[in-house]
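Note that this is a predicted model, so its numbers are computed, not measured. By convention in this document, chain letters (A, B, ...) are assigned in the order of the sequence lines, proteins followed by strands, and residues within each chain are numbered from 1.
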Number of protein chains: 2
Amino acid sequence: MPVNKSYHHGNLRTALIQAGLELIAQKGVRALTLREIGAHVGVSRMAAYRHFADKAKLLAAIREAGFEKFAIALETGRDAAGAESIARIRGMGVAYVLFARENPAYFEVMFGSPQESGAPPCEAEKRAFQILESAIAEGQSKGDLRQGNARLMACAAWSLVHGISALKLDQTPFADGLAPVDFVTACSNLLLSGLASNAKK
Amino acid sequence: MPVNKSYHHGNLRTALIQAGLELIAQKGVRALTLREIGAHVGVSRMAAYRHFADKAKLLAAIREAGFEKFAIALETGRDAAGAESIARIRGMGVAYVLFARENPAYFEVMFGSPQESGAPPCEAEKRAFQILESAIAEGQSKGDLRQGNARLMACAAWSLVHGISALKLDQTPFADGLAPVDFVTACSNLLLSGLASNAKK
DNA sequence: ACCTGAACACCGTTCAAGT
DNA sequence: ACCTGAACACCGTTCAAGT
């Protein structure tokens with residue numbers, strides 16, 4: 001992502017992304033207007049067009065920045081969980097939900113607006129999934145996870161934490177009073193151990 | 001007395017919901033305009049205000065209709081799966097993802113736009129979750145599912161299928177060429193059996 | 001009651017022009 | 001090069017009026 005120094009401001013491009021983020025956090029993507037972003041950084045409502053072809057491009061830039069932050073959050077959560085592979089996977093799951101909780105504006109742009117047809121996933125987005133799939137494969141090679149299609153297992157793990165994040169289950173009565181971290185940990189443990197009484201086939 | 005075809009005595013409300021749905025399916029909620037809905041049913045752009053206080057209320061009506069259809073789809077999927085409790089739960093999961101796939105417009109309105117603060121979940125929405133939680137409790141009482149917090153287990157199951165639906169994983173290369181039903185079934189089996197090699201604790 | 005056109009305060013975006 | 005105001009074609013919504 002190129003840094004674009006503007007004439008009158010230190011870095012208008014970055015300022016626009018930041019302002020967009022703040023406005024989304026306040027009122028949602030739906031209420032985001034280019035005019036308001038401009039006013040927020042003290043610039044004409046047309047200044048944004050110097051750096052972004054249109055509103056969609058600005059959103060795409062926010063989206064990309066979000067996925068980069070997201071991928072780092074996943075790696076941090078994984079590494080903070082120690083060396084045990086199951087703990088590392090669970091650490092990523094917790095980091096996923098906490099990221100959504102703490103960065104609702106980013107999460108909304110990253111996953112909220114359906115990908116316009118033809119828009120390919122950005123690099124950081126693909127990297128985020130790779131991180132998870134690698135952790136699964138590592139767990140398998142260590143013998144901590146059952147054998148099988150690692151990608152499928154990654155899909156299941158990803159879907160679980162994404163569902164919790166998207167439904168904000170950790171922020172509803174469904175969480176049954178559990179703290180977010182404990183709720184996600186409990187759900188993750190269910191996936192790891194299985195729901196069935198004869199879980200180990 | 002001649003029938004004035006431009007009048008929609010009584011059925012305009014339903015026609016507006018239906019038209020809204022079709023337009024959302026074509027271009028997404030974001031591009032939905034009251035004016036276009038009106039034109040679509042051959043009515044002035046203000047006619048909608050006879051039946052809905054504003055655009056948000058129309059969307060809420062679509063949302064509610066969606067959840068009603070959704071709850072029925074879950075029950076149908078459950079009952080079609082037979083009497084075995086694990087098969088019934090899996091049947092609901094498959095129905096969940098298939099509903100999202102076959103009714104993207106409904107799904108987008110139901111879950112896409114974040115609940116405006118203060119908007120309580122509609123009856124059908126709560127019923128849908130109740131159906132799932134009951135199926136879990138039934139599986140426990142039959143001894144097919146492990147004991148434990150049924151609500152938490154329902155959250156995990158719900159999140160898994162919601163994540164698949166929201167990320168449209170069954171419609172991406174992540175599905176690894178599996179048919180949607182097979183992909184969801186495989187993911188559901190992973191949750192039921194567990195990812196860990198020592199799944200049965 | 002049910003529907004309508006005109007009008008208002010917003011949008012995103014284009015354009016020609018200012019510095 | 002970078003930024004601006006005026007202008008255009010849209011929105012949702014209000015209002016007074018038509019049938």
**OP:** Would you indicate what B/Leu58 reaches in the nucleic acid, counting non-hydrogen atoms under 4.0 angstrom: base, sugar-phosphate, or nothing?
**Re:** nothing

Original post:
What distance do B/Asn103 atom CG and B/Ser165 atom OG have between them, rounded to the nearest 0.5 Å?
Top reply: 11.0 Å

**OP:** Please state how far atom CZ in A/Arg30 lies from atom C1' in C/dG12, giving the value in whole angstrom units.
**Re:** 17 Å

Subject >> Spacing between A/Arg35 atom CZ and D/dC8 atom C1', to the nearest angstrom >> reply: 11 Å

**OP:** In whole angstrom, give the distance that lies between atom CD1 of A/Ile37 and atom P of C/dC11.
**Re:** 11 Å

**OP:** Rounded to the nearest angstrom, tell me the gap between atom NZ in B/Lys55 and atom P in C/dC11.
**Re:** 14 Å

Original post:
Looking at the rings of B/Tyr106 and B/Phe111, which for Trp means the six-membered one, are their centres under 6.0 Å apart?
Top reply: no

Original post:
If you pin B/Glu36 and B/Ala53 to their nearest nucleotides in DNA chain D, which one's is more 5'?
Top reply: B/Glu36

Original post:
Which base, if any, makes a Watson-Crick or G-U wobble pair with C/dA9, both distances under 3.5 Å?
Top reply: none

Original post:
When the ring planes of A/Phe70 and A/Tyr96 are compared, do they come out parallel, tilted or perpendicular, using 30° and 60° as the limits?
Top reply: perpendicular

Original post:
C/dT13 C1' sits how many Å from A/Leu34 CG, rounded?
Top reply: 9 Å

**OP:** Once you apply the 3.5 Å cut-off to both distances, tell me the Watson-Crick or G-U wobble partner of C/dC2, or none.
**Re:** D/dG18

**OP:** Check every atom of C/dC2, C/dG5, D/dT4 against the side chain of B/Arg50 and return the nucleotide holding the closest atom.
**Re:** C/dC2

**OP:** Report the nucleotide, chosen from C/dC3, D/dT14, D/dC3, that has the shortest atom-to-atom distance to any side-chain atom of B/His51.
**Re:** C/dC3

Original post:
Rounded to whole angstroms, how far apart are CG on A/Leu32 and C1' on C/dC10?
Top reply: 15 Å

Original post:
Atom CG of B/Asp54 and atom P of D/dG12: how far apart are they, to the nearest Å?
Top reply: 11 Å

Original post:
Out of A/Arg88, A/Lys69, A/Arg127, which one pairs with A/Glu75 under the salt bridge (Lys or Arg N to Asp or Glu O under 4.0 Å) rule?
Top reply: A/Arg127

**OP:** List the atom of A/Leu169, the atom of B/Ser159, and the distance in Å for their closest heavy-atom pair.
**Re:** CD1-OG, 3.2 Å

Subject >> Closest nucleotide among C/dT13, D/dG12, C/dC2 to the B/Thr33 side chain >> reply: D/dG12

Original post:
Could you give the OH-to-C1' distance, from B/Tyr49 to D/dT14, as a whole number of Å?
Top reply: 9 Å

